[in-house]
Amino acid sequence: MKIVFVLFSNLGWLYYGYLKGDGTLMTVNTIGASLQTLYMVAYIVYADQKRNLVYQVLLSLGVLFLAYGYFYILISDIGVRLNQLGMFCSIFTITMYLSPMADLAHIIRTKSTKCLSFPLTVATFLASSSWVLYGWVLGDLYIMIPNFPGIVTSILRFWLFWIYPPDKPSYRHILA
């Protein structure tokens, strides 16, 4: 469930920001985690198959507690904890940015970008560019490097929109 995946990413970066004392990371990811939680609750409330979703959420919470135990209890050195958490969050972020590319074969086969969201592509490009610049200013490779694939995949998606423009809505039935 992608919602839980993004929530984990927000919580990981929130903890990373907390360990670094970075108010920007903490603020942005607190808002992100809150919105993802609200979205997840609304999705479960209105979903037809609640049982599977609830199981996925409970399993995810178990994984979250295991990760918390690993990073907080087993690793006592803050520097080591920060480095390992940074690597963990980086992997989550890279995976999140690469996930829309799973539809690449379908897009090329159908010559259609119907399954891609142009506004989301623009937002991803702007957000990942902002985080790369922020990481660069801070000299933090854990922020900078995992957000670079967001720029690359956004440019690839812009290219796909250019090559396979979305179908224009037809208004002929209204005029006829």
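Computation of the quantities below employed the complete heavy-atom set of this structure, encompassing side-chain atoms and omitting hydrogens, waters and symmetry-equivalent molecules.
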Give a yes or no on whether Phe161 atom CZ has more than 12 heavy-atom contacts from other residues, nucleotides or ligands under 6.0 Å away.
yes
Spacing of NZ belonging to Lys20 relative to CE belonging to Met26, to within rounding of 0.5 Å
11.5 Å
Atom of Pro149, atom of Pro146 and distance for their closest heavy-atom approach
CD-O, 3.2 Å
Side-chain (Thr121) to main-chain (Arg157) donor-acceptor, under 3.5 angstrom
no
When hydrophobic residues are tied together by side-chain contacts of less than 4.5 Å, even through go-betweens, does Tyr72 share a cluster with Leu61?
yes
Hey, is the main chain of Leu116 close enough, under 3.5 Å, to the side chain of Thr113 for a donor-acceptor pair?
no
Compute whether any side-chain donor of one residue and acceptor of the other, for Tyr142 and Asn147, lie under 3.5 angstrom apart.
no
Could you see if Ile31 belongs to whatever hydrophobic cluster contains Tyr134? Use Ile, Leu, Val, Met, Phe, Trp, Tyr and a side-chain cutoff under 4.5 Å.
no
Return the CZ to OG1 distance between Phe148 and Thr153, rounded to the nearest 0.5 Å.
10.5 Å
Any side-chain heavy-atom pair of Phe92 and Val6 under 4.5 Å:
no
When you measure from the side chain of Ser99 to the backbone of Met96, do you find a donor-acceptor pair of N or O atoms at a distance under 3.5 Å?
yes
Measure the CG-CZ distance between Leu104 and Arg109 for me, rounded to the nearest 0.5 Å.
10.5 Å
Out of curiosity, does Leu82 fall in the hydrophobic cluster containing Leu74 (side-chain heavy atoms, cut-off under 4.5 Å, transitive links)?
yes
Is there a donor in the side chain of Tyr15 and an acceptor in the side chain of Arg81, or the other way round, less than 3.5 Å apart?
yes
Under a single-linkage definition using a 4.5 Å side-chain heavy-atom cutoff for Ile, Leu, Val, Met, Phe, Trp and Tyr, are Trp159 and Phe125 assigned to the same hydrophobic cluster?
yes
Heavy-atom nearest pair, Ser128 first then Ile151, reads OG-N, 3.3 Å
Gap between atom NE2 of His106 and atom NZ of Lys114 - 0.5 Å precision
9.0 Å
Show the numbers, then the answer: is there a side chain to side chain contact (heavy atoms under 4.5 Å, CB included) between Ile107 and Cys115?
CA-CA 8 Å; Ile107 293 166; Cys115 62; 3.6 Å; yes
What closest approach, in Å, do Thr37 and Ala33 show between heavy atoms, and which atom pair accounts for it?
OG1-O, 2.8 Å
Check for me whether the distance between the ring centres of Phe118 and Phe158 falls short of 6.0 Å.
yes
From OG (Ser34) to CG (Leu38), nearest 0.5 Å
7.0 Å
In short, Thr24 meets Trp131 closest at the heavy-atom pair CG2-CH2, 4.5 Å
Over all heavy atoms of both residues, which pair between Ile91 and Thr95 is shortest? Give the atoms and the distance, please.
O-OG1, 2.8 Å
Donor-acceptor contact below 3.5 Å, side chain Asp22 vs main chain Tyr18
no
Between the side chains of Trp13 and Thr93, does any donor sit under 3.5 Å from an acceptor?
yes
Nearest-0.5 Å distance that lies between atom OG1 in Thr30 and atom CG in Leu11
9.0 Å
Indicate, with yes or no, if the rings of Tyr16 and Phe88 have centres closer together than 6.0 Å.
no
Linking I/L/V/M/F/W/Y whenever any side-chain heavy atoms sit under 4.5 Å apart, do Ile94 and Leu25 land together?
no
